[in-house]
Amino acid sequence: MTTRLTTVAGVVLLALSACSSYRTLHVDVLRPAALTPRGDENKFIFVDRGIVHAGDTLFAKDLKETLRVTRGDLVEHFYRGLQDGLQWGIKKTRIERLVVARVTHVADSLVPPALTREEVAAFAGDREASLLLTVDYCTFRLVNRNQVNLEDNMLLRVYDVATGTLIDTLVSDRLAAEMSFTEENYSGSIGEFFYQKGWSYAEYLTPAWIPVERRIYAGHKLLNLGCYFLETNRPEQAGEVWATALRRKPSIAARAAVNVAWLLERDGEFEEAARLLEDTLDRVGSRHLRDSLRQYIRQQIEALKQRGEDDKKLKEQL
């Protein structure tokens with residue numbers, strides 16, 4: 001695996017910011033899955049267990065009449081987002097959905113128990129799959145006549161098919177879904193919300209491209225010259241110029257270090273990039289730097305350390 005090609009993509013260099021002396025790089029970095037399935041078979045099974053809390057049945061009719069949305073619709077939107085997200089990931093994953101026709105009503109206070117090994121095996125059958133994904137409940141209740149509660153809606157579990165053991169449990173609040181709801185199409189917004197939750201679940205289960213931002217500092221002749229080389233696809237020359245700037249006064253050296261750290265990061269040298277920034281902070285001293293620059297450098301040190309840990313996981317997953 002070539003780290004540079006598999007962990008960074010989609011670099012766009014923007015114009016100099018009007019309020020500061022840096023340019024912004026919008027890049028996609030590869031983040032590992034939270035789980036590492038055993039075996040080589042990259043197929044998941046998805047099951048809605050059909051468990052409904054008693055309180056949800058009281059709202060079902062009103063929800064259908066006022067919003068034209070049912071619990072089944074929500075699971076469908078979630079599944080479509082999961083399916084699309086898996087196809088978008090770096091590691092193509094097949095998913096098969098099993099339909100459970102029987103609905104089970106339980107008390108509101110009951111947290112559905114995990115599946116037994118025998119139940120996992122029954123769902124898997126002779127399908128060659130690595131993970132079994134279950135929706136253990138999907139709550140959907142009115143707050144008032146026209147709004148619903150969208151917090152902590154779904155309980156999701158993941159099982160290792162090979163062993164039949166539970167390996168992960170999470171609630172849907174841990175999955176991102178950044179969007180605004182419109183009164184003109186509230187039911188459509190709800191559907192999109194659950195679709196995004198499903199997509200976020202795919203990013204949780206498989207390696208996925210995540211957008212991040214990085215800075216390239218300018219505002220000095222050496223920094224500017226390095227920017228020119230980088231924009232004209234000559235990163236080696238940019239690195240040589242910025243390395244020279246590392247020996248200048250503290251404010252310039254610190255900004256040059258951020259630029260060089262980016263070149264190291266894009267080549268997969270995460271530890272070396274973090275070490276450069278740490279050494280630069282120790283050498284130039286915090287009192288010589290603006291708070292915003294010092295804070296950004298510290299943030300980048302932590303981000304680079306995390307990328308180093310992520311890279312180790314990715315080597316196991318790809």
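Keep in mind that the numbers below use all heavy atoms, side chains included, and drop hydrogens, waters and symmetry copies. One-based numbering along the sequence shown. In this text, all values refer to a predicted model and were calculated from it rather than measured experimentally.
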Colleague: Give a yes or no answer on whether the side chain of H220 reaches the backbone of L222 with a donor-acceptor pair at less than 3.5 Å.
Modeller: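 At least one qualifying donor-acceptor pair exists.
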
Colleague: CZ/R71 to CG/D48 distance, rounded to the nearest 0.5 angstrom?
Modeller: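 CG of D48 is found 4.5 Å from CZ of R71.
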
Colleague: Under a 3.5 Å distance rule, please check whether D173 uses its side chain to pair with a backbone N or O of D152 as donor and acceptor.
Modeller: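 Indeed, once roles are kept as given, a pair shorter than 3.5 Å links the two residues.
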
Colleague: Are any side-chain N or O atoms of S172 and backbone N or O atoms of N153, one a donor and one an acceptor, separated by less than 3.5 Å?
Modeller: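 Side chain of S172 to backbone of N153: a pair is present.
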
Colleague: Looking at E309 and K312, does any basic side-chain N land under 4.0 Å from a carboxylate oxygen?
Modeller: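 Salt bridge present between E309 and K312.
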
Colleague: Parallel, tilted or perpendicular: which one describes the rings of Y204 and Y201, with boundaries at 30° and 60°?
Modeller: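 Rings of Y204 and Y201: parallel, as their planes differ by under 30°.
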
Colleague: Do the side-chain N and O atoms of E192 and Q196 include a donor-acceptor pair separated by under 3.5 angstrom?
Modeller: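 Result is yes, a qualifying pair exists.
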
Colleague: So, does D28 use its side chain to make a donor-acceptor pair with the main chain of W209 at under 3.5 Å?
Modeller: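 No, because the side chain of D28 does not come within donor-acceptor range (under 3.5 Å) of the backbone of W209.
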
Colleague: Under a 4.5 Å cut-off applied to non-hydrogen side-chain atoms, are L205 and D168 in contact?
Modeller: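 Side-chain contact under 4.5 Å: no.
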
Colleague: So with a 6.0 Å cut-off around CD of E271, is the heavy-atom count from everything else above 12?
Modeller: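 No, CD of E271 has 12 or fewer neighbouring heavy atoms, counting only those of other groups under 6.0 Å.
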
Colleague: Between M154 and I95, is there shared hydrophobic-cluster membership here, with clusters defined by ILVMFWY side-chain heavy atoms closer than 4.5 Å?
Modeller: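 Both belong to a single hydrophobic cluster.
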
Colleague: At what distance, to the nearest 0.5 angstrom, does OG1 of T134 lie from CG of L98?
Modeller: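 It is 11.5 Å, given to the nearest 0.5 Å.
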
Colleague: Treating Q317 as the side-chain partner and P32 as the backbone partner, does any N or O pair qualify as donor plus acceptor under 3.5 Å?
Modeller: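 It does not hold such a pair.
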
Colleague: Quick one: are H53 and V106 in side-chain contact, heavy atoms under 4.5 Å?
Modeller: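 Sidechains of V106 and H53: in contact.
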
Colleague: For residues F78 and L155: do they belong to one hydrophobic cluster (side chain heavy atoms under 4.5 Å, members Ile, Leu, Val, Met, Phe, Trp, Tyr)?
Modeller: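 No, F78 and L155 fall in different hydrophobic clusters.
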
Colleague: Do R214 and E265 come within less than 4.5 Å of each other through their side chains, counting heavy atoms only?
Modeller: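 Yes, close enough: below the 4.5 Å cut-off.
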
Colleague: For E119 and L132, what are the C-alpha separation, side-chain angles and deciding distance, and is it a side-chain contact (heavy atoms from CB on, under 4.5 Å)?
Modeller: CA-CA 11 Å; E119 289 172 322; L132 171 67; over 6 Å; no

Colleague: Which pair of non-hydrogen atoms, one from K197 and one from L175, has the smallest distance, and what is that distance?
Modeller: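 K197 and L175 have their closest heavy atoms at NZ-O, 2.6 Å.
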
Colleague: Are L156 and D136 side-chain neighbours, meaning at least one heavy-atom pair lies under 4.5 Å?
Modeller: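 SC-SC contact between L156 and D136 ruled out.
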
Colleague: Looking at A218 and R23, what are the two nearest heavy atoms and their distance?
Modeller: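 Of all heavy-atom pairs spanning A218 and R23, the closest is CB-NE, 4.3 Å.
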
Colleague: Once you measure the plane-to-plane angle for F46 and Y79, does it fall in the parallel (<30°), tilted (30-60°) or perpendicular (>60°) bin?
Modeller: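 Aromatic pair F46/Y79 classed tilted.
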
Colleague: Does K43 offer a backbone N or O that forms a donor-acceptor pair with the side chain of S130 under 3.5 Å?
Modeller: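 The answer is yes, because a donor-acceptor pair under 3.5 Å joins these two groups.
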
Colleague: Return yes if a side-chain donor-acceptor contact under 3.5 Å exists between Y159 and R157, otherwise no.
Modeller: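 No, because no side-chain N or O of Y159 sits under 3.5 Å from a partner of the opposite role on R157.
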
Colleague: Please check this pair: side chain of R255 against backbone of S251, looking for a donor-acceptor N/O pair closer than 3.5 Å.
Modeller: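 Present.
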
Colleague: Is D311 paired with K315 through a side-chain N to carboxylate O contact shorter than 4.0 Å?
Modeller: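 Salt bridge between K315 and D311, a charged N being under 4.0 Å from a carboxylate O: yes.
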
Colleague: How many angstroms lie between atom CZ of F229 and atom CG of L225, to the nearest 0.5 angstrom?
Modeller: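 Nearest 0.5 Å value for the CZ-CG distance: 4.5 Å.
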
Colleague: What verdict does the side-chain contact (heavy atoms from CB on, under 4.5 Å) test give for T244 and R247, after you've listed the backbone C-alpha separation in whole Å, the side-chain angles of each residue and the deciding distance to 0.1 Å?
Modeller: CA-CA 6 Å; T244 301; R247 298 188 291 271; 3.9 Å; yes

Colleague: Locate the shortest heavy-atom distance separating V161 from A129; write the atom from each residue and the value.
Modeller: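 So the two residues come closest at CB-O, 3.5 Å.
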
Colleague: Please report the interatomic distance CZ(R283) to CG(L276), rounded to the nearest 0.5 Å.
Modeller: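 Between R283 CZ and L276 CG, I get 8.5 Å after rounding to 0.5 Å.
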
Colleague: With rounding to the nearest 0.5 angstrom, report the OH to CD distance, Y296 to E213.
Modeller: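 Between Y296 OH and E213 CD, I get 8.5 Å after rounding to 0.5 Å.
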
Colleague: Could you walk me through whether V69 and L74 pass side-chain contact (heavy atoms from CB on, under 4.5 Å), step by step?
Modeller: CA-CA 8 Å; V69 178; L74 304 185; 3.5 Å; yes

Colleague: Look at the side-chain heavy atoms of Ile, Leu, Val, Met, Phe, Trp and Tyr, link any pair under 4.5 Å apart, and say whether Y137 and L150 land in one connected group.
Modeller: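 No; L150 is not reachable from Y137 via cluster members.
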
Colleague: Between D56 and C138, which heavy-atom pair has the shortest distance, and what is it?
Modeller: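 So the two residues come closest at OD2-O, 4.2 Å.
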
Colleague: Can R307 and D310 be counted as an ion pair, charged N to O under 4.0 angstrom?
Modeller: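 No, this pair does not count.
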
Colleague: Any link between I45 and V100 through a network of hydrophobic side chains (Ile, Leu, Val, Met, Phe, Trp, Tyr) touching at under 4.5 Å?
Modeller: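 Yes; tracing contacts between hydrophobic side chains, which count when under 4.5 Å, links both residues.
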
Colleague: Does the side chain of I301 reach to within under 4.5 Å of the side chain of L304, using non-hydrogen atoms?
Modeller: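 No, side chains not in contact.
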
Colleague: Once rounded to the nearest 0.5 Å, what's the spacing between atom OG1 of T70 and atom CD of E76?
Modeller: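 Here the rounded value is 10.0 Å.
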
Colleague: Would Y195 and F193 show up in the same hydrophobic cluster when neighbours are defined by side-chain heavy atoms closer than 4.5 Å?
Modeller: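 No, separate clusters.
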
Colleague: Do D267 side-chain atoms and E269 backbone N/O form a donor-acceptor pair below 3.5 Å?
Modeller: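 No.
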
Colleague: Do the charged groups of K305 and E278 touch, with an N to O distance under 4.0 Å?
Modeller: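 So K305 pairs with E278 through a salt bridge.
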
Colleague: For residues V284 and A253, report the shortest heavy-atom separation together with the two atoms involved.
Modeller: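 Looks like CG1-CB, 4.3 Å.
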
Colleague: As a quick check of understanding, evaluate side-chain contact (heavy atoms from CB on, under 4.5 Å) for L133 and L82, giving each step before the final call.
Modeller: CA-CA 11 Å; L133 318 176; L82 170 62; 4.0 Å; yes

Colleague: Do F123 and L115 have side-chain heavy atoms sitting under 4.5 Å apart?
Modeller: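 When only atoms from C-beta onward are counted, L115 and F123 do touch, with a gap below 4.5 Å.
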
Colleague: I would like to know whether T232 and R234 meet side chain to side chain donor-acceptor pair (under 3.5 Å); could you show each step before the answer?
Modeller: CA-CA 6 Å; T232 54; R234 288 181 281 178; 3.2 Å; yes

Colleague: On a heavy-atom basis, which atom in A238 and which in G226 lie closest, and how many Å separate them?
Modeller: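 Reported closest heavy-atom pair: CB-O, 3.3 Å.
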
Colleague: Do any N or O atoms from the side chain of W242 and from the backbone of L223 form a donor-acceptor pair under 3.5 angstrom?
Modeller: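 Between the backbone of L223 and the side chain of W242 there is a qualifying donor-acceptor contact (under 3.5 Å).
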
Colleague: Atom CZ of residue position R68 - does it have more than 12 heavy atoms of other residues, nucleotides or ligands inside 6.0 Å?
Modeller: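 No, not enclosed.
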
Colleague: Side chains of I297 and L281: does their closest heavy-atom pair fall under 4.5 Å?
Modeller: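 Result yes, sub-4.5 Å side-chain heavy-atom pair found.
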
Colleague: Before accepting this row, confirm whether a basic side-chain N of the pair E128/R94 lies closer than 4.0 Å to the acidic partner's carboxylate O.
Modeller: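 So E128 does not pair with R94 through a salt bridge.
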
Colleague: Please tell me if the side chains of E96 and F44 come closer than 4.5 Å, counting only heavy atoms from C-beta onward.
Modeller: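 No, their side chains stay 4.5 Å or more apart.
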
Colleague: Around R174, counting heavy atoms of other residues, nucleotides and ligands shown, do more than 12 lie under 6.0 Å from its CZ?
Modeller: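 More than 12 within 6.0 Å, yes.
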
